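All values derive from a computational prediction rather than experimental measurement. In what follows, residues are counted from 1 in the order of the sequence shown.
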Amino acid sequence: MMELERLRWLRKNQSKLRVGKYHNLNEYNSNGETHGSNTGKRVVLPSSYVGSRRYMDQLYFDGMAICSYVGFPDLFITFTCNPNWPEIQRLLGSVHLKASDRPDIISRVFKIKFDELLSDLTKKSLLGKVLAYMYTIEFQKRGLPHAHILIFLHPSNKYPTPSDIDRIISAEIPDQDTNEELYNLVKTHMIHSPCMKDGKCSKYFPKQFQPETIVDQDGFPVYRRRDNGHTVLKNGIQVDNRNVVPYNAKLLTKYQAHINMEWCNQSTSIKYLFKYINKGYDRITAAIVPNDYGTSNQPKNVDEIKQYIDCWYVSPSEASWRIFSFPIHGRKPAVERLYFHCEDQNSKKREWKPRQKGYTIGRLIWVPPTTGELYYLRLMLTHVKGPRSYNDIKTVNNVKYDTFRDACFAMGFIGDDREFIAAIKEANHWGSGQYLRLLFVHMLLSGSINSPRHVWSKTCHLLADGILYAQQ
């Protein structure tokens, strides 16, 4: 009810959200929820709404800004709530309730445990000095919260070699006689239960035995899983080291929960990690409904709020978490989003001012190439130093250009469209003038041409030559 009230306010106050700034956001949607030809009226769900697609997109770009500043993340940790924690059972045992009956208690206890874990990692430097971190809280279908945490370590505290990885990450069953407590914790929390689908496990368990930790050619670690005879009985099945989820012994012993730790210091998986922890909420059901896409030229109304609500699932723990106003995302250092606009699109005087206190990473907001002049303005802002007006940004080598696109072309940021001109010349040999015009229109709609005037000029010359030839 609380979330629907917020969404209702957004729907009724679109004019206060400055949705006119979104007039260029009718480009192709990667999720296939809208079509470029069906623009119509748009109900915008802004990035200020926690959990929206734009909210998650902005978090992804913030994460990439941190990554570009401090380097690649080193550790990826998943911390899952344990409903059998003594703190939870002590409160529920006296009233004969299950953990699922009190999602408020689960949320509060998990928040306390998570804050302590974050303090151990960042302030107490349990795994080394931390330069930056970011996390996202998610919720399983059965209601248990869990956290995904990315840790960026100081260069002096990284774990570059396989032997260094073995110091903090283990994927083996400990000796029961030597450390019975750790053995029982691994047995309870860190054994991957067999879950076959079509004869295969979605998590690729069981793994292969591995005598020593190595880093493969793609930069992914292959953890040590020795065939030492250590086994445990899980759900009536005898399993060995091939079924152990990588863990850290100190964290597992202290928090007694599923804490999966992965070494991730490789460039090939950076975008995957950031997209994974900012992927948004899961959905629970879907329905197939008819539509008339492709059968009508009438513009369609795009309602982003309705798209967000469709198939939306809120678990009890998530509801409690949101009612308590607990954050679902956090990062350090802070990322300051630097907004900009084209001429005559802001009625108030706004300017960037140097930060007087604290530390932050500045990031120009991302805009797609289909936004036209706004995209080229952003491109120029990343290279022009100290401009005091739009004319300064449009000036290149003491020559003032009419548009930001022309300025980018003069700076050499965009190509000269040779491939498009070559395509038109080739089509001129076997196509009619009408076909050349149609081809040029398709090029314009694709948003790929950097200098449409230049390409159109070449097309006009070819059309003129074709007309003269036909007259002769």
Under 3.5 Å, side-chain donor or acceptor atoms of residues 151-159 against the rest of the protein: list the pairs with distances, not counting sequence neighbours.
residue, atom, partner, partner atom, Å
H154, ND1, S156, N, 3.1
H154, ND1, S156, OG, 2.8
N157, OD1, K129, N, 3.4
K158, NZ, D74, OD1, 3.0
K158, NZ, D74, OD2, 2.9
K158, NZ, L153, O, 3.4
Y159, OH, L127, O, 2.4

Would you give the length of the straight line joining atom [atom1] of [X] to atom [atom2] of [Y], rounded to the nearest 0.5 angstrom?
X: I77; Y: L150; atom1: CD1; atom2: CG; answer: 9.0 Å
X: L439; Y: H442; atom1: CG; atom2: NE2; answer: 8.0 Å
X: R337; Y: I365; atom1: CZ; atom2: CD1; answer: 9.5 Å
X: H341; Y: R378; atom1: NE2; atom2: CZ; answer: 15.5 Å

side-chain hydrogen bond (donor to acceptor under 3.5 Å, both in side chains) involving [X] - partner list, sequence neighbours excluded:
X: R363; result: Q58, D62
X: T213; result: D166
X: T395; result: none
X: H258; result: none

Intermediate values then yes/no, salt bridge (Lys or Arg N to Asp or Glu O under 4.0 Å), R54 and D57: CA-CA 5 Å; R54 287 193 176 90; D57 289 344; over 6 Å; no

Can you check whether [Y]'s main-chain N or O pairs, donor with acceptor, with [X]'s side chain at less than 3.5 Å?
X: E373; Y: F404; result: yes
X: T360; Y: A334; result: yes
X: S52; Y: S48; result: no
X: S119; Y: D115; result: no
X: R224; Y: A171; result: no

Would you say the rings of H383 and F413 are close, in the sense that their centroids are separated by under 6.0 Å? yes

Determine, using ring centers only, whether Y135 and F114 are less than 6.0 Å apart. yes

Please list all pairs passing the salt bridge (charged side-chain N to carboxylate O under 4.0 Å, His left out) test where one or both residues lie in residues 392-405, with sequence neighbours left out. E343-K394

Please identify each residue that fulfils side-chain contact (heavy atoms from CB on, under 4.5 Å) with Y375, with sequence neighbours left out. V367, P369, T371

Taken in chain and number order and not counting sequence neighbours, the residues that satisfy side-chain contact (heavy atoms from CB on, under 4.5 Å) with E116 are D120, K124, K254, Y255

Is it possible for you to check whether K111 lies under 6.0 Å from the centre of the six-membered ring of F326, through NZ or CZ, and within 45° of that ring's axis? yes

Using a 6.0 Å distance limit plus a 45 degree cone around the ring axis, check whether R108 lies over the aromatic ring of F324. yes

Check the side chains of H148 and T78 for a donor-acceptor pair under 3.5 angstrom, ignoring hydrogens and angles. yes

S163 side chain to T161 side chain, donor-acceptor N/O pair below 3.5 angstrom: yes

For F110 and W321, take the angle between the two ring planes, folded into 0 to 90°, and tell me which bin it lands in: parallel under 30, tilted 30 to 60, perpendicular over 60. tilted

With sequence neighbours left out, write down each residue that passes salt bridge (charged side-chain N to carboxylate O under 4.0 Å, His left out) with [X], or none if nothing qualifies.
X: E3; answer: R6, R322
X: K207; answer: none
X: E262; answer: none
X: D104; answer: R102

Only one of F340, F61, Y60 passes ring pair (Phe, Tyr, Trp, His ring centres under 6.0 Å) with W366, and that residue is F61

Exercise: identify the closest heavy-atom pair between I305 and L7: CD1-O, 3.6 Å

Exercise: identify the closest heavy-atom pair between I259 and M190: O-CE, 3.5 Å

